[in-house]
Amino acid sequence: MPLGEFELIARFFDRGPARQALLGVGDDCALLAPAWPHCVTAVSTDMLLAGRHFLVGDDPATVGHKALAVNLSDLAAMGAQPRAFTLALAVPQVDETWLGGFCTGLFAIADRYGCELVGGDTTRGPITICITVFGEVPPEAALRRDAAQPDDDLWVSGTLGAAALAVGALAEGRPRAPGDRALGLALRHVARAAIDLSDGLVGDLGHILDRSRAGAEVDWSAVPVDPGLDGLPESLRLRLALAGGDDYELLFSAAAENRGAIEAIGRRLDLPLARIGRIVAGAGLRIHDARGRPLAVDGHGFDHFA
Ligand code: ADP
Ligand code: MG
């Protein structure tokens, strides 16, 4: 007898009494109390579809990891501390092996970040995973996309381009941990604007620039290109590193006076942080080489409807 809906939830997703939440899986709603004074709730949703964000045959633990990691990446980019998440899941049938693997990956990263599953919905259909995360951040410390100011430095964490190079972008494109999520918290009151790089630097930086009504200059020679791209033609390196997507690194702006503080954060978290350019008045993004010559990047940020 295959498991029914409620046995499935009980077996895989109900892990007993909630630890963080007042009330978790099993009632009509979960109940969450704020953990920190003076904080507001940061909420974000990301959806993963088989065939679009991963392949049906992919390791289910990696899929479970990625489903929550992309959401935690959004909390980090807001400077928010993870608290809880809900999971809306569609599966075509109850495949206990797949579900077991999925939960292994999902709960490993959930436990690592203290982010508790507090509810969800389960239905039959083509594999679809929709996670909503809840985090907390003092409102004045939130790293908003509209907060960049002319003369801010532009920084990026880690290296860029490896995920876009990996076929399928899942195995190597696993959002990295734990540095960048701790980075979001460390950047409270240090950075101004931040975004996580899901669609490629050019596109994602464009979102900060639109929201902040500003422009930017980026020095290609300062961009931390992943060593996996060594030896590729320069135009391909440019495209993979700046328009590739799925890197899940943080891109942020900060006042120049905070350079020392940011370098100290990088050392403390053992995370490379590269200063790649600056915010300027007026619209538009200009990318230049080491000698200041303008560069064009073909390919734009990923757009599901383009
Ligand atoms: P409702 O009828 O109120 O929508 P459901 O019968 O769908 O409730 O779910 C029963 C309980 O199980 C609820 O508390 C719901 O939050 C939880 N739940 C359902 N699916 C999941 C899931 N995939 N992960 C975690 N909790 C789930
Ligand atoms: Mg329901």
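Computed from heavy atoms alone, side chains included, the values below leave out hydrogens, waters and symmetry copies. Just so you know, ligand 1 is whichever comes first in the structure, and atom 1 is the first atom listed for that ligand.
Donor-acceptor pairing under 3.5 Å is recorded for the side chains of S221 and D219.
Rounding to the nearest 0.5 Å places CH2 of W155 at 6.5 Å from CG of L273.
Under 4.0 Å from ligand 1, heavy atoms of D121 appear from its side chain as well as its backbone. Looking at D27 against ligand 1, only its backbone comes within 4.0 Å, counting heavy atoms.
The ligand atoms of ligand 1 that sit less than 4.0 angstrom from a heavy atom of L87 are 22 (C), 23 (N), 24 (N). Residue T122 has at least one heavy-atom neighbour below 4.0 Å for each of these atoms of ligand 1: 19 (C), 20 (N), 21 (C), 22 (C), 23 (N). Each of the following atoms of ligand 1 lies closer than 4.0 Å to a heavy atom of F6: 6 (O).
Residue R144 qualifies as open at atom CZ: its count of foreign heavy atoms under 6.0 Å is 12 or below.
Salt bridge present: R278 and D151 bring a charged side-chain N and a carboxylate O closer than 4.0 Å.
Judged by a 6.0 Å distance limit and a 45° cone about the ring axis, R15 is positioned over the six-membered ring of F107.
When the heavy atoms of G120, C130, G26 are ranked by distance to atom 19 (C) of ligand 1, first place goes to G120.
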